[in-house]
2 protein chains.
Amino acid sequence: MLLTVGKLARRCGMTVRTLHHYDAIGLLQPASRSGAGYRLYARADIERLHRIQALRQLGLSLTDIGTALSGPQQPLAEVVDRQIAQIDRELSEAANLRERLVHLRTQLTNGQSPDLADWLDTLELMTMYEKYFSPEELKALPLHTDPDVQVEWSALISAVQSAMDRGATTDDADVQILALRWMTMVERGTGNNPEFLMRLHAMNENEPAARAQSGITRALQAFVEAAVVAARLAIFARYLDVHDMERMRANYGKQMYAWPMLIADLRKAMEENTSANDPNVQKMAQRWMELFRAYAGDSPVTHARIREAYAKEVDLRSGSAVDNSLLDYVREALAGLASTTH
Amino acid sequence: MLLTVGKLARRCGMTVRTLHHYDAIGLLQPASRSGAGYRLYARADIERLHRIQALRQLGLSLTDIGTALSGPQQPLAEVVDRQIAQIDRELSEAANLRERLVHLRTQLTNGQSPDLADWLDTLELMTMYEKYFSPEELKALPLHTDPDVQVEWSALISAVQSAMDRGATTDDADVQILALRWMTMVERGTGNNPEFLMRLHAMNENEPAARAQSGITRALQAFVEAAVVAARLAIFARYLDVHDMERMRANYGKQMYAWPMLIADLRKAMEENTSANDPNVQKMAQRWMELFRAYAGDSPVTHARIREAYAKEVDLRSGSAVDNSLLDYVREALAGLASTTH
DNA sequence: CTTGACCCTCACGTAACGTGAGCCCTTAGC
DNA sequence: GCTAAGGGCTCACGTTACGTGAGGGTCAAG
């Protein structure tokens, strides 16, 4: 049942070198080694490899994959759900490109000169094969449909870039104001949809051309993220003691992109009227607590203070798609868990 | 109508840097420059870019793309046809993977333990997403279905590797025998189908895991190709004079992978009973002559000698999928061209 | 014992850009 | 004419995820 590296490589259509590399960077380490030092991969390693491959196909770098896999894990079934959704988008996009190519081909064989704008659109589709938004989703994306949002978004990006250019730091008051405005704009531009946020993020991460167009360079993205964290920590500081703030500084923001995924899944379950006592919902609630505890620690006093902060400060929640009904839903699921535990 | 580099990049979903790079390596150079040195891209550049993008999606390296685009060009309509066929294969593969993932998800949500072999198959599909052969095509591929062919293929690869290991050169008689046997095996393993040859080649070029499995390393591939050329030049030397051989040595084998593409297209037209006087067939015949002249020069005397060599030496044709009916077809198309020219 | 297939670690190299720097060009508005 | 914003130029260092080869040990079958 344990597989050596060559066997695993062959079965997965990968190379031994790749698996060596993943071991070396700590991404996928074999369950054990034989007496002779041979790597021996077990079933749990296959599961982890599945997660890795799924994230790779979403375009994450190996470093980012490592980060994503270092926190509490989504059930594999949910990973597979996302894969299926991605394939559906790709199927749709491939069909779209196919249609365009058939049209182009018809023009070419009829001796017609292809319309240049159309042709360039087709070339764009050929390049940006990765599919981030379906046509329907684009219609529901304010950032794409609302000119006001677009103008404000551009201005905000410019303002952040200016702050960076003049050497401002993420602790500067004006930068923190920009950061909070960023989260508000994210909320507005995505229609407060965490799934869209993740998609936009993936597109910007994966596509250099998208970065060039949006002006959101890697440096700017990192700056804003750090500024958002700093701004929110400044707010938390009004509610927490020094000890708590130390832990927050070390951990808050570490799973920044795990939260939207979980929130999207929970909102979906809630919108489908799935009972809070459903085992899957309870699992998600559990993961919520794990992510929460990762920065909040285990003290009920601290938890209460953080909750107070969330309740009073809208800036702690902006852009997160967390509202009171979702919080109630999570609480109900957690209550169900507590009662089944005792 | 002329586009600056930024405009073209934006319209095509590419980066300025990429276009700079293509210019720098001579792959896509703009039609002109403004007085200030700005790159200005014209319509013909869009067409060339389309070709580049299509080949990139087939997995060719930029160097190989440059080589492919340095010879006589397939009509763009045919390039588009190949793209459409590739998309169809990808659609089919995506649907296949989707089905597998749905099955896996069902198992996971039912609390079942996924079958390991099945799971690994799914992982392989996730990795080898690129689609090289449809299930039907695999059934028609002797290299995949015929154990005898597999055994002989493996033995031949080992024999070549041994020759390389002991420092043999491509001019050694035993190496040339191996080379000719290689072409015979290619013919047998692909069922003499040039489309399959190209697909196998692409798979081996693009997939390190495939190389690891087949044992056909890049070095071995290059060695065999050079040996095939050397073996065939040795045969031609019996028919051609010193001057002709000089030109052959410089040019024969340069468009090694353009020929199978053209031959596949011509065979398809012939099998569909397209008249040799059809303009598209005549265009293909023209390209045949261009590719031929690229190594044969323009002298009718030399042409006759080369044709004599092809007629008498089966080793010059093995693995090429060129038979007498195809040659007649090409000749008929060329004759039609000659009569419409005068 | 021999041989072939497989495994180990080590380490240099690669392709296709990504990114930033420093400076010039173009256009619109004052 | 000047200024500012957006776009262009060339130069050059850096990056990610392995690919490849070297040298040597292990395992299983004959």
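Computed from a predicted structure; not experimentally measured. Residue numbers begin at 1 in each chain, while the letters A, B, ... track the order of the sequences.
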Q | A:F133 six-ring face occupied by A:R199 cation (under 6.0 Å, within 45°) | A |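 Yes, cation above the ring, under 6.0 Å and within 45°.
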[X] side-chain proximity, nearest of [options]:
X     : options                : result
B:R39 : D:dT10, D:dC18, C:dT19 : D:dT10
A:H20 : C:dC8, D:dG19, C:dG18  : C:dC8
B:R33 : D:dG21, D:dC9, D:dG19  : D:dC9
B:Y38 : C:dC8, C:dG18, C:dC25  : C:dC25
A:L62 : C:dA16, D:dC18, C:dG18 : D:dC18

With a 4.0 Å cut-off on heavy atoms, is [X] in touch with a base, just the backbone sugar-phosphate, or nothing at all?
X     : value
B:V5  : sugar-phosphate
A:T15 : sugar-phosphate
A:T4  : sugar-phosphate

Q: Nearest whole angstrom, please: distance from the C1' of C:dA16 to the CG of B:L19.
A: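 Answer to the nearest Å: 13 Å.
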Q.
Quick check: any donor-acceptor pair below 3.5 Å linking the side-chain of B:R17 to the base of C:dT19?
A.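 Result: at least one qualifying N/O pair found.
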Q: Check step by step if side-chain hydrogen bond (donor to acceptor under 3.5 Å, both in side chains) holds for B:Q53 and A:T127.
A: CA-CA 7 Å; B:Q53 295 295 79; A:T127 308; 2.8 Å; yes
Q. Under 4.0 Å between a Lys/Arg side-chain N and an Asp/Glu carboxylate O for A:R218 and A:E205?
A.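 Judged by the 4.0 Å cut-off on N to carboxylate O distance, A:R218 and A:E205 do form a salt bridge.
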Q) How do A:H21 and B:K7 order along DNA chain D: which one's closest nucleotide is nearer the 5' end? A)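 With A:H21 and B:K7 compared, the 5'-side residue is B:K7.
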Q) Starting at the 5' end of DNA chain D and moving along, which residue's nearest nucleotide shows up first, A:Y22 or A:A36? A)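 Nearer the 5' end of the strand: A:Y22.
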Q) With no hydrogens and no angle check, do the side chains of A:Q161 and A:D165 hold a donor and an acceptor under 3.5 Å apart? A)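 A donor-acceptor contact under 3.5 Å links the two side chains.
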